[in-house]
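Okay, structure first, notes after.
Read the numbers this way: they start at 1 and go in the same order the structure lists the ligands and their atoms. Throughout, numbering of the chain's residues begins at 1 and tracks the sequence.
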Amino acid sequence: MRRALELAATGPAGGLNPQVGCVLLGPDGSLLAEGVHRGAGSPHAEADALSRVPPGAAVGATAVVTLEPCDHTGRTGPCSTALIDAGVARVVFAQPDPNPLAAGGAARLRAAGVRVDAGVLADEAEALNERWSASLRLGRPWVTAKWAASLDGRIAAADGTSRWITGAEARADAHRRRAAHGAILVGTGTALADDPALTARDGERLLPHQPIPVVLGLRDLAPGAALHDHPRPVLRVPSRDPRAAVAAVADAGASSVFVEGGPTVVSAFLAAGLVDEVLVYLAPTLLGGDRLATGDIGVPTIAAQRRLALREVHRLGDDLLVVARPEGAPGSGGLHTSPDPGTPSTRPTEGD
Ligand code: AOF
Ligand code: ZN
């Protein structure tokens, strides 16, 4: 299952489908094949693994898969019957399928006489697909809002200059988290002022999966904008309404969106109650002035403050990363801190 989880993580995150991996073992425990789901419309992980063995070779095999095999015909056929037809004797899976349209594979496999073991490393599989599962529940893409600020909550100096407030480690962490989302969004103000590339990079190298770049707002992009060089076409949402942006992100096939600014756009998402997680990179510096991370988020008085529950605190070089979620949101409880606040965190900070 650990190997199946590794395989799952190589598939694209933030799409309409979850990340799923599958390992097919012979009756003697030998490795027959591995499979990965590479996004909506492509074969499911089980079908991918089965396609890599000759006919008849999976008779008596065990399929180890990170998600309950589906039992529906969606963009592809049901994995439950594909496994039964291939003669697989045993299926071990981690997470039950939270999609009611696709669930039921375990029952069908058992009814066909296949031994089924559920729940192996389920927490890890659920964590891998947490945003996808949440998007099913929410009926809209998961929204992460991110900003980098000084300790006094400013995102730029008085003249608007902002490069760089946080250090290289914090920026690298933000890039990895970008890549774990299906889309990345800025407003036209930020697109015009900062000319961002909105790619997910490791240094100069593009990470394997690039979120769809989305620009919300009514103004035109500059013809020479760096965004035009993004490996995926830019999705323009000619509106000021975050709900329109979320709907466009869903239509584009993403189940999560990383909102990077600027403060007007972030504030509009917060005011609309459309933020599921906040990532704040805090640098030990002071900027003063009026370039605040957020503007009006609909808090006229202290009784209306937007309390968040801390999820994680990481030290990244000289900076801090605070991950928080609206209080009462599923999974918002429980604070995980870096083991030693005096040293940079060595824990993986991606994905959670
Ligand atoms: C599996 N194995 O690798 C994946 C599953 O439209 P489809 O055919 O791609 O089906 C999408 C649904 O199937 C998705 O919402 C989820 O419930 C399940 N995904 N199931 O057995 C896989 N990716
Ligand atoms: Zn399937």
Side-chain angles (χ1 to χ4, degrees), residues 1-25 32-53 58 61-88 90-112 114-122 124-142 180-182 209 249-256 351:
M1 190 61 82
R2 293 219 172 276
R3 176 63 187 150
L5 283 164
E6 272 175 28
L7 291 164
T10 66
L16 286 184
N17 277 6
Q19 290 174 287
V20 186
C22 176
V23 175
L24 210 53
L25 303 171
L32 292 180
E34 298 182 329
V36 180
H37 180 57
R38 301 195 186 280
S42 66
H44 287 185
E46 304 89 316
D48 184 44
L50 288 171
S51 74
R52 294 170 198 281
V53 298
T62 293
V64 182
V65 53
T66 57
L67 183 70
E68 176 186 0
C70 70
D71 192 45
H72 84 315
T73 300
R75 283 164 283 251
T76 67
C79 292
S80 53
T81 46
L83 293 162
I84 294 164
D85 293 347
V88 167
R90 182 180 177 195
V91 171
V92 181
F93 71 85
Q95 179 187 8
D97 193 331
N99 177 3
L101 298 176
R108 185 180 303 278
L109 286 159
R110 284 195 183 105
V114 177
R115 173 174 167 197
V116 178
D117 299 283
V120 176
L121 300 185
E124 285 169 52
E126 267 155 33
L128 182 68
N129 284 310
E130 186 191 11
R131 294 187 195 90
W132 174 78
S133 301
S135 75
L136 284 180
R137 253 191 341 264
L138 295 163
R140 61 159 173 81
W142 171 275
H181 289 73
H209 301 295
V249 162
D251 286 346
S255 58
S256 58

What protein heavy atom sits nearest [atom], and how far away is it?
{"atom": "atom 1 (C) of ligand 1", "answer": "H44 ND1, 3.3 Å"}
{"atom": "atom 15 (O) of ligand 1", "answer": "N99 ND2, 2.8 Å"}
{"atom": "atom 23 (N) of ligand 1", "answer": "H37 CD2, 3.3 Å"}
{"atom": "atom 6 (O) of ligand 1", "answer": "R75 N, 2.8 Å"}
{"atom": "atom 12 (C) of ligand 1", "answer": "H72 CE1, 3.8 Å"}

State the atoms of ligand 1, each with its element, that fall below the 4.0 Å cut-off from a heavy-atom position in [X].
{"X": "P69", "result": "21 (O)"}
{"X": "V20", "result": "3 (O), 4 (C), 22 (C), 23 (N)"}
{"X": "G74", "result": "6 (O), 8 (O)"}
{"X": "E46", "result": "1 (C), 2 (N), 3 (O), 21 (O), 22 (C)"}
{"X": "A45", "result": "3 (O), 22 (C)"}
{"X": "C70", "result": "1 (C), 20 (N), 21 (O)"}
{"X": "A102", "result": "13 (O), 17 (O)"}

Quick check: do [X] and [Y] have side-chain heavy atoms less than 4.5 Å from each other?
{"X": "Q95", "Y": "P18", "value": "no"}
{"X": "L67", "Y": "P98", "value": "yes"}
{"X": "V114", "Y": "L83", "value": "no"}

Under 3.5 Å donor-acceptor, [X] side chain and [Y] backbone:
{"X": "H209", "Y": "T10", "answer": "yes"}
{"X": "S255", "Y": "L16", "answer": "no"}
{"X": "E68", "Y": "D97", "answer": "yes"}
{"X": "D48", "Y": "V36", "answer": "yes"}
{"X": "H37", "Y": "G21", "answer": "no"}

What is the ND1(H44)-the Zn ion (ligand 2)-SG(C79) angle, to the nearest 10 degrees? 110°
Option from V65, T66, V23 for which side chain to side chain contact (heavy atoms under 4.5 Å, CB included) with L7 holds: V23
Quick one: CG on N17 to CZ on R75, what's the gap to the nearest 0.5 Å? 5.0 Å
Judged on heavy-atom distance to atom 19 (N) of ligand 1, which of L16, L67, V65 sits nearest? L67
Of D97, N17, D48, which has the heavy atom at the shortest distance from atom 16 (C) of ligand 1? D97
Grab the two heavy atoms, one from S80 and one from P69, that are nearest each other, plus how far apart they are. N-CB, 4.3 Å
Return yes or no for this condition: an N or O of T76 is under 3.5 Å from an N or O of ligand 1. yes
Contact region, F93 to ligand 1, non-hydrogen atoms below 4.0 Å, reads neither
Got a sec: is C70 within less than 2.8 Å of the Zn ion (ligand 2) via an N/O/S atom? yes
